[in-house]
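All values below were derived from every heavy atom in this structure, side-chain atoms included, with hydrogens, water molecules and symmetry-related copies excluded.
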Amino acid sequence: IGVMALLEQACGTAIQRAMLPFMQYVLLYGLKTLFGIKSMNALPSMLFSDEALMQLVGFNAQQVRDGVCQRGATKRQADREPGPMCPDTLANNLVKWHLRDLEGVFNGAIRALAKAGAFGPKVTGIIDGTDLETTERYSECGQVTRTVRIEDTRGKVHAIEVTVYGWKVLLLIDALTKIPLAVKVGLIQEHETHWTRALVTQARANLAGDARLHKVVFDKGFLDGTDLWWLDQQGLCFVVPAKANMAVTADARAQAAAGEGITHGRRVHTVRHGQGHAARTERLETEVVGIM
């Protein structure tokens, strides 16, 4: 459907001398992910030595058995690890793939899926974001200091400040298939509200002519009044959780208390409060009421 052609154009911007097509590194890491291999150091024994799997991503049997390059072989004291390369070679090449090029390939793959009919004619998108933490040595990454609560061995809770480094990955996902509709990558310290419009705009471009984004669902992290107005002007429905201090929340609860809504279900659960001798339990009953 055209995704392989996108990957063939991918290249590491900082790579000066290539012994293998960059696409083979990308496909190899894709196999690592597909087979659930979490550690890079496990690759020689679990993937690199498997001739059948390696041939799927373009390696031949001689490369798998003898390696891609024999430079330095005479200085090697220990036995050579199985496979065409060491895990560091794979990692060092992949990190030279520029972030925006990676983002472009991702969105290009989504456009290919849309043209292949992977999505329905009307699509509901779910916006979500997640941190992708790295070390401080990662070039151009962001950083943010956060307060976290930890519990010591005596059960006492302490608040400490921790600095984390990395990126924030923002996704707009198809609610039905769970296939991403758009992806954006920002610095880890950037707030999610800065990305709502960019994600929606990218998703509509990815689906253009093949499907239509008609509804967007997101949590409070993306909630911003000007963005809600923008979504309305774009003709998009949106679903967000209302905050307790919003007028719409008070209005909905008043209608529910007056019996004007439709009860969809009830839940009874027990909540525990406190610890030790001061511990107590509370029985809560919750109703879900629909309001038109």
Side-chain angles (χ1 to χ4, degrees), residues 1-116 118 130-141 165-167 169 171 177-180 183 185:
I1 62 174
V3 175
M4 294 298 286
L6 286 172
L7 293 177
E8 287 175 353
Q9 298 170 9
C11 64
T13 53
I15 296 177
Q16 298 180 352
R17 184 171 64 91
M19 301 189 66
L20 290 171
F22 188 74
M23 178 184 180
Q24 287 186 246
Y25 294 113
V26 177
L27 293 178
L28 193 56
Y29 195 79
L31 269 185
K32 170 189 174 295
T33 305
L34 182 64
F35 282 89
I37 304 173
K38 296 183 179 180
S39 170
M40 292 290 283
N41 292 328
L43 290 178
S45 59
M46 299 185 70
L47 179 59
F48 288 173
S49 57
D50 191 319
E51 290 189 13
L53 289 177
M54 295 297 285
Q55 287 180 18
L56 284 177
V57 296
F59 291 88
N60 59 44
Q62 181 179 347
Q63 289 174 324
V64 175
R65 288 193 299 266
D66 303 327
V68 174
C69 176
Q70 295 300 313
R71 188 177 64 181
T74 57
K75 300 178 182 179
R76 187 183 302 116
Q77 296 179 353
D79 294 336
R80 189 184 69 84
E81 287 188 316
M85 67 183 75
C86 67
D88 287 344
T89 300
L90 174 61
N92 290 337
N93 278 276
L94 279 177
V95 296
K96 294 173 182 176
W97 198 0
H98 194 276
L99 189 64
R100 298 307 160 201
D101 294 335
L102 174 59
E103 189 178 289
V105 170
F106 199 110
N107 286 304
I110 296 171
R111 287 193 290 272
L113 286 171
K115 292 186 181 302
T130 185
D131 290 345
L132 180 62
E133 294 188 19
T134 66
T135 67
E136 59 183 305
R137 294 180 299 170
Y138 202 110
S139 176
E140 300 180 3
C141 71
Y165 300 85
W167 310 91
V169 181
L171 290 170
T177 65
K178 302 301 184 291
I179 298 175
V183 64
V185 181

Supply the atom-to-atom distance [X] [atom1] to [Y] [atom2], rounded to the nearest 0.5 angstrom.
{"X": "M19", "Y": "Q63", "atom1": "CE", "atom2": "CD", "value": "9.0 Å"}
{"X": "N93", "Y": "K96", "atom1": "CG", "atom2": "NZ", "value": "6.0 Å"}
{"X": "K38", "Y": "M46", "atom1": "NZ", "atom2": "CE", "value": "11.5 Å"}
{"X": "L53", "Y": "F35", "atom1": "CG", "atom2": "CZ", "value": "4.5 Å"}
{"X": "M54", "Y": "Q24", "atom1": "CE", "atom2": "CD", "value": "8.5 Å"}
{"X": "T89", "Y": "L43", "atom1": "OG1", "atom2": "CG", "value": "11.5 Å"}

List the atom of [X], the atom of [Y], and the distance in Å for their closest heavy-atom pair.
{"X": "G166", "Y": "T134", "value": "CA-OG1, 3.5 Å"}
{"X": "L27", "Y": "M4", "value": "CD1-CE, 4.1 Å"}
{"X": "L6", "Y": "A109", "value": "CD1-N, 3.4 Å"}
{"X": "R111", "Y": "G104", "value": "NH2-O, 4.4 Å"}
{"X": "Y165", "Y": "C141", "value": "CB-SG, 4.0 Å"}
{"X": "I37", "Y": "A42", "value": "CG2-CB, 4.1 Å"}

Crowding at [atom1], [X] (>12 non-hydrogen neighbours, <6.0 Å):
{"X": "Q62", "atom1": "CD", "answer": "no"}
{"X": "R137", "atom1": "CZ", "answer": "no"}
{"X": "F59", "atom1": "CZ", "answer": "yes"}
{"X": "M23", "atom1": "CE", "answer": "yes"}

**Q.** Heavy-atom side-chain proximity of E140 to W167 below 4.5 angstrom
**A.** yes
Q: Check for a donor-acceptor pair, side chain of R65 on one end and backbone N or O of N60 on the other, with a separation under 3.5 Å.
A: no
Q.
Looking at N92 and D88, would you say the former's side chain and the latter's main chain have a donor-acceptor pair under 3.5 Å?
A. yes
Q: For the pair M40 and L90, evaluate side chain to side chain contact (heavy atoms under 4.5 Å, CB included) and give the outcome as yes or no after the intermediate values.
A: CA-CA 9 Å; M40 292 290 283; L90 174 61; 3.9 Å; yes
